[in-house]
2 protein chains.
Amino acid sequence: MKDKSIGGGNTTMLILRLIENEDMYGYQMIDALEKKSNHVFALKAGTLYPILHGLEQQEMITAYDGVSEEGRQRRYYQITKKGRKLLDEKKKEWETYASAIKNVMGGISYAEV
Amino acid sequence: MKDKSIGGGNTTMLILRLIENEDMYGYQMIDALEKKSNHVFALKAGTLYPILHGLEQQEMITAYDGVSEEGRQRRYYQITKKGRKLLDEKKKEWETYASAIKNVMGGISYAEV
DNA sequence: ATATTATATATAGATGATCGATATATGTCA
DNA sequence: TGACATATATCGATCATCTATATATAATAT
């Protein structure tokens with residue numbers, strides 16, 4: 001995984017999280033992710049837009065043309081009910097994954113099954 | 001990232017961690033990883049061996065032929081000083097990554113820079 | 001003694017996620 | 001007017017990992 005790359009198949013989860021409470025347009029997501037991650041993640045436009053289009057096709061999000069606070073035409077994305085369900089699943093997967101890494105790295109061992 | 005796949009570019013870190021305190025042979029690593037991860041990770045032989053050969057070439061590990069506790073010929077792998085340094089780096093990268101995900105998912109925000 | 005199965009090591013090709021490069025259009029600022 | 005930042009978009013390349021496959025040995029069952 002390269003420096004500042006998001007990797008690990010978590011990009012979709014992060015995008016859905018960003019628009020969980022607020023509709024956003026593409027570039028706004030890139031900025032928000034950079035800030036919230038404290039400059040660890042630098043999501044590329046070339047990664048973002050194909051994912052947004054895919055999520056739209058799967059009805060995880062819907063898109064509409066709107067006007068930004070500065071009065072400019074922007075393409076906004078809104079999470080759907082289906083998308084919230086997917087976000088929940090991805091969250092659980094991440095927790096399982098992170099906890100497994102912790103177990104291996106910390107050396108916690110379980111009874112053999 | 002598929003179910004039970006390790007992904008995220010963390011396989012090398014996990015392998016190095018496994019042999020940090022004890023030399024191991026390939027299949028032993030697969031078993032150890034499955035147990036320590038509480039059955040979350042199922043490392044595939046087809047993933048493991050190419051990584052081991054790569055780490056050997058980069059002098060992160062050394063290999064030698066030994067005899068297992070059951071008296072069988074096995075190919076053992078031992079971490080080198082260089083490998084321990086790499087493990088430390090990978091650990092730090094993981095911590096940075098996991099903490100960034102946490103920040104985004106939990107909604108912690110930082111002052112804009 | 002022989003067949004079957006589990007263990008072990010290994011490699012090649014396929015897949016999938018993400019990046020880098022590039023294209024295009026619009027709005028802002030000097 | 002020209003340069004630059006913002007914004008959306010697509011395509012090909014790259015990299016990690018998986019699947020499938022091959023091969024060998026040892027253990028177990030017949």
Side-chain angles (χ1 to χ4, degrees), chain A residues 1-16 23-34 37 40-58 61 63-77 90 93-94 97 100-101, chain B residues 1-16 23-34 37 40-58 61 63-77 90 93-94 97 100-101:
Chain A
M1 198 155 53
K2 217 174 275 184
D3 193 41
K4 300 230 169 183
S5 152
I6 297 181
N10 292 307
T11 310
T12 295
M13 173 179 80
L14 294 171
I15 291 171
L16 291 174
D23 298 357
M24 284 192 184
Y25 59 90
Y27 244 69
Q28 195 182 356
M29 297 181 201
I30 292 175
D31 285 348
L33 193 56
E34 168 135 33
S37 75
V40 174
F41 299 139
L43 177 59
K44 302 301 153 66
T47 306
L48 175 62
Y49 290 104
I51 291 178
L52 288 176
H53 302 154
L55 287 172
E56 200 183 350
Q57 278 207 322
Q58 301 165 66
I61 61 179
Y64 61 91
D65 291 311
V67 179
S68 74
E69 286 174 22
E70 307 98 36
R72 308 217 207 128
Q73 272 288 323
R74 293 287 174 256
R75 187 128 186 99
Y76 281 88
Y77 294 91
K90 297 261 178 203
E93 276 172 32
W94 164 254
Y97 181 86
I101 294 267
Chain B
M1 198 158 52
K2 216 175 276 183
D3 192 40
K4 300 230 170 183
S5 151
I6 298 181
N10 292 307
T11 310
T12 295
M13 173 180 78
L14 294 171
I15 291 171
L16 290 175
D23 297 357
M24 284 192 183
Y25 59 90
Y27 244 68
Q28 194 183 356
M29 297 180 201
I30 291 175
D31 285 348
L33 192 56
E34 168 136 32
S37 75
V40 173
F41 299 139
L43 176 60
K44 301 303 154 61
T47 306
L48 174 62
Y49 289 104
I51 291 178
L52 288 177
H53 301 155
L55 287 173
E56 200 184 347
Q57 280 206 321
Q58 299 165 67
I61 60 179
Y64 61 92
D65 292 310
V67 179
S68 74
E69 285 175 21
E70 309 96 35
R72 308 213 208 130
Q73 272 288 324
R74 293 287 173 255
R75 186 129 186 100
Y76 281 88
Y77 295 90
K90 296 261 178 202
E93 276 171 32
W94 164 254
Y97 181 85
I101 294 267

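For B:Arg75 and C:dA8, the shortest distance from a side-chain N or O to OP1 or OP2 is not below 4.0 Å. Remark: B:His53 is in phosphate contact with C:dT11, judged by side-chain N or O atoms under 4.0 Å from OP1 or OP2. Residue B:Tyr27 places no side-chain N or O under 4.0 Å from the OP1 or OP2 atom of C:dT9. Look at B:Ser5 and you'll find a side-chain N or O under 4.0 angstrom from OP1 or OP2 of D:dC18. At D:dT10, none of the side-chain N or O atoms of A:Tyr49 fall inside 4.0 Å of OP1 or OP2 (strictly under the cut-off). The shortest distance between the side-chain N/O atoms of A:Thr11 and the OP1/OP2 oxygens of C:dT18 is below 4.0 Å.
The interatomic distance linking A:Met24 (CE) with D:dA7 (C1') rounds to 16 Å, in whole Å. Rounded to an integer number of Å, the gap from A:Leu43 CG to C:dC19 C1' is 11 Å. In this structure, the CG atom of B:Leu33 is 12 Å from the P atom of D:dT17, given to the nearest Å. In this structure, A:Ile30 places its CD1 atom 10 Å from P of C:dC19, rounding to the nearest Å. Going from atom CZ of B:Phe41 over to atom P of D:dT17 covers 11 Å, rounded to whole Å. In this structure, B:Ile51 atom CD1 and D:dC15 atom P are separated by 15 Å, rounded to whole Å. The interatomic distance linking B:Tyr64 (OH) with C:dT9 (P) rounds to 12 Å, in whole Å. Taking atom CE on B:Met29 and atom P on C:dA8, their separation rounds to 12 Å, with Å as the unit.
The six-membered or imidazole ring of B:Tyr97 lies near that of A:Phe41, with a centre-to-centre distance under 6.0 Å.
The shortest side-chain heavy-atom distance between B:Leu52 and B:Met29 falls under the 4.5 Å cut-off. Looking only at side-chain heavy atoms (C-beta outward), B:Lys90 and B:Leu14 stay at 4.5 Å or farther from each other. Contact check for B:Tyr76 versus B:Asp65: no side-chain heavy atoms found under the 4.5 Å cut-off.
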Query raised in the report: Along nucleotides 20-30 of chain C, 5' to 3', which nucleotides get a B, which get an S, and which get a -, given that the test is a protein heavy-atom distance under 4.0 Å?
Result: B------SS--
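Atom CD of A:Gln57 has 12 or fewer heavy atoms from other residues, nucleotides or ligands within 6.0 Å.
Pairing each heavy atom of A:Ser37 with each of B:Ala100, the nearest pair is O-CB, 4.0 Å.
Atom CD of A:Gln28 is separated from atom CG of A:Leu33 by 12.5 Å, given to the nearest 0.5 angstrom.
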